[in-house]
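Encoded as structure tokens, the structure appears first; notes follow it.
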Amino acid sequence: MWLKSFVVASLLQVSVAGIAHAKGPFGSVNVGNWIGGAFSNDETGAFSHCAATTPYANGVILVVSQNAAGTWSLAFASPSYRFNKGENAAIDVTFDGQEQARLFATAYQPNMLTAIMPVNVVRTFQKASLMVATAGRAVLNFDLTSTGPVIAALANCVTKVKVDGLDKAGDFTRIAAKPQPAPDKQAPPAGGKVARAKTGTGFVVSANGHVVTNNHVIDGCVGDIKGNLTGEAAMVLRVVSSDVNNDLALLQAPSTTTFKDFARIRDRSIRSGDSVIVIGFPFHGLLTSDFTVTTGIASSLSGMRNDTRFLQISAPVQPGNSGGPLFDTTGQIVGVVTAKIPALRIVAATGNIPENINFAIKTGMLRDFLDNSVVPYQTAEPKGELKTTDIAGNARPYTMLISCNGTEQADAKR
């Protein structure tokens, strides 16, 4: 009983801000030996953090948490610890005998050290099987079984509580996904609308098969969402997360699929006037079954009405290019193609037909989205320029046709 009480107390105390008064759990996180849920600040009633914890035979309890602002933390708790409040300690962690990081922990409570985990450490923690923590002369081993789904559940917890509130908290280990009817018993679309094929483009950003596309590409899909690399059989993709406001979606290939080649995101901002390349599958079924390549420049570093989330590009974009990669001349990702200017509305407003005005989501928004989804993507510095043919050839193993059946009403949104 004392252990259960201490575990609950650890969950309440783990907020990075050091809030001692917390209430919860709301909902639940149950993965293997990990337990947890959502917690509020008991003084204000506002959502504070989502946390999960598990005890180890070495006497230490690990607590993993993400707060309402999206910051991850890792805490080491034990009833035998006696720290002075505010005391600091450096903890070196090694994952699977290779990946190493130094965490700087603070004792917000006398029996617990809490350290902020940078996103790259969270990714490694999520994938690793063993962690060795060293602080001074103390060396402790931690089996990280189930940390992958725990991290996913906590991220889901924060997202859902921020949208739905604490009063609707439920089982956060059940990652939200749209119910998909069996292929041989496909449900009729809402409102009696006839289902029709809809397509877009996506690109792989990790060896684990994470695929980026636009949210509007998958919005309204009925049944399976499929991904096709040119010349290869289709694979069913599952929805991992989506961001309606920034029009981004993250899909994932089956766990049996691995990718040797995937896109790298440029680690330096693009400049106005830089050359760009668009690769995607416009008007699939009417044009070629292979992807198409168009070129242009970054015309502006903002979109409609000075929206700084977007780039304006002159490279031609058509329906079906949505969600596709935008490359610089070194073959690095500098954006996600998202839209072309609404020509008919511009004609109605000005009497002029707009030409070569299209938009892409900047990599800053993309990286924030991938960080929040805990995706192990890679970045790269732009180096030597490549020929457009070489960029297209390199992109072939990770640029996907995304397709599904959607309602006519959903298609109209595109």
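These numbers come from a predicted model, not from an experiment.
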Notebook entry, point to check: Given side chains that start at C-beta, do those of Val64 and Ile151 come closer than 4.5 Å, heavy atoms only?
Noted result: yes
Next item on the list: List the atom of Asn246, the atom of Arg309, and the distance in Å for their closest heavy-atom pair.
Entry: OD1-NH1, 2.8 Å
Note to self: Walk me through whether Thr71 and His49 qualify under side chain to side chain contact (heavy atoms under 4.5 Å, CB included).
What the structure shows: CA-CA 9 Å; Thr71 301; His49 63 285; over 6 Å; no
Checklist line | Ionic contact status for Arg367 with Asp267, cut-off 4.0 Å | finding: yes
Check: Do you know which two heavy atoms are closest between Asn358 and Ala315, and how far apart they sit?
Finding: ND2-O, 2.8 Å
Check: So how far is it from Ser146 OG to Asn33 CG, rounded to the nearest 0.5 Å?
Finding: 7.5 Å
Checklist line | Side-chain donor/acceptor of Ser78 to backbone N/O of Gly59, under 3.5 Å | finding: yes
Next item on the list: Test side chain to side chain contact (heavy atoms under 4.5 Å, CB included) on Met400 and Leu237 and set out the steps.
Entry: CA-CA 11 Å; Met400 279 190 177; Leu237 306 175; 4.2 Å; yes
Next item on the list: Flag the pair Thr338 / His216 as yes when at least one side-chain heavy-atom distance between them is below 4.5 Å, and no otherwise.
Entry: yes
Check: Counting distance only, does the side-chain N/O of Thr201 pair as donor-acceptor with the main-chain N or O of Leu401 below 3.5 Å?
Finding: no
Item checked: Asp368 side chain to Met365 backbone, donor-acceptor under 3.5 Å -> no
Note to self: So, taking the atom named CZ in Phe203 and the one named CD1 in Ile402, what distance separates them when rounded to the nearest 0.5 Å?
What the structure shows: 10.5 Å
Next item on the list: Indicate the atoms forming the closest heavy-atom contact of Ala360 with Leu326, along with that distance.
Entry: CB-CD2, 3.7 Å
Notebook entry, point to check: Does any non-hydrogen side-chain atom of Phe359 lie less than 4.5 Å from one of Val317?
Noted result: no
Margin query: Under 3.5 Å, is there a donor on one side chain and an acceptor on the other for Arg264 and Gln332?
Written below: no
Note to self: Would you call the rings of Phe281 and Phe291 parallel, tilted or perpendicular, taking 30° and 60° as the class edges?
What the structure shows: perpendicular
Check: Would you find a donor on one side and an acceptor on the other, under 3.5 Å apart, between the side chain of Asn156 and the backbone of Phe172?
Finding: yes
Notebook entry, point to check: Are the side chain of Asn405 and the backbone N or O of Gly223 linked by a donor-acceptor pair below 3.5 Å?
Noted result: no
Next item on the list: Identify the heavy atoms of Gly45 and Leu166 that sit nearest to each other, and give their distance.
Entry: O-CD1, 4.1 Å
Margin query: When you compare the side chain of Val336 with that of Asn214, does any pair of heavy atoms fall below 4.5 Å?
Written below: yes
Check: Hey, are Asp307 and Ser302 close enough side-chain-wise for a donor-acceptor pair under 3.5 Å?
Finding: no
Check: Between Asp390 and Lys387, does at least one N-O distance fall below 4.0 Å, as a salt bridge requires?
Finding: no
Notebook entry, point to check: Is the closest side-chain heavy-atom distance between His284 and Asn228 below 4.5 Å?
Noted result: no
Margin query: Under 6.0 Å from the ring centre and within 45 degrees of the ring axis: does the NZ or CZ of Arg123 meet both conditions for the six-membered ring of Tyr377?
Written below: yes
Note to self: Counting C-beta onward and ignoring hydrogens, is there a side-chain heavy-atom pair between Leu386 and Asn394 closer than 4.5 Å?
What the structure shows: yes
Next item on the list: Before giving the answer on side chain to side chain contact (heavy atoms under 4.5 Å, CB included), spell out for Val60 and Tyr81 the whole-Å C-alpha distance, their side-chain angles and the decisive distance to 0.1 Å.
Entry: CA-CA 9 Å; Val60 176; Tyr81 287 166; 3.3 Å; yes
Next item on the list: Scan side-chain atoms only and decide if Ser206 and Asn208 contain a donor-acceptor pair under the 3.5 Å cut-off.
Entry: no
Note to self: How long is the straight-line distance from CG of Asn372 back to CG of Leu248, given to the nearest 0.5 Å?
What the structure shows: 11.0 Å
Notebook entry, point to check: Ignoring hydrogens and geometry, is there a side-chain-to-backbone donor-acceptor pair from Asp328 to Gly331 under 3.5 Å?
Noted result: yes
Margin query: Taking Leu301's backbone N and O only, do any of them form a donor-acceptor pair with Lys362's side chain (distance below 3.5 Å, no angle check)?
Written below: yes
Notebook entry, point to check: Measuring from Ile270:CD1 to Thr363:OG1, what's the distance to the nearest 0.5 Å?
Noted result: 8.5 Å
Item checked: Close side-chain approach of Ser65 to Trp72, heavy-atom, < 4.5 Å -> no
Margin query: Main chain of Cys221, side chain of Lys198: is a donor-acceptor contact present, judged purely on distance under 3.5 Å?
Written below: no
Check: Where do Cys157 and Ala38 come nearest, in terms of heavy atoms and distance?
Finding: SG-CB, 3.7 Å
Notebook entry, point to check: With no hydrogens and no angle check, is any side-chain donor or acceptor of Thr106 less than 3.5 Å from a backbone partner on Asn88?
Noted result: no
Check: Pick one: which of Asn30, Val29, Thr54 meets side chain to side chain contact (heavy atoms under 4.5 Å, CB included) with Ile35?
Finding: Asn30
Item checked: Rounded distance (nearest 0.5 Å) linking atom CD1 of Ile279 with atom OG1 of Thr399 -> 5.5 Å
Check: Once you round to the nearest 0.5 Å, how far does OG of Ser241 lie from CG of Leu250?
Finding: 4.5 Å
Next item on the list: Kindly determine whether Arg102 and Phe104 satisfy side chain to side chain contact (heavy atoms under 4.5 Å, CB included), including the steps that lead there.
Entry: CA-CA 7 Å; Arg102 169 162 286 192; Phe104 296 94; 3.6 Å; yes
Notebook entry, point to check: Does the side chain of Phe262 reach to within under 4.5 Å of the side chain of Gln378, using non-hydrogen atoms?
Noted result: yes
Note to self: Checking the side chain of Asn67 only, and the main-chain atoms of Ala69 only, is there a donor and an acceptor separated by less than 3.5 Å?
What the structure shows: yes
Next item on the list: Mind listing the closest non-hydrogen atom pair of Phe327 and Ala395 along with its distance?
Entry: CZ-CB, 3.8 Å
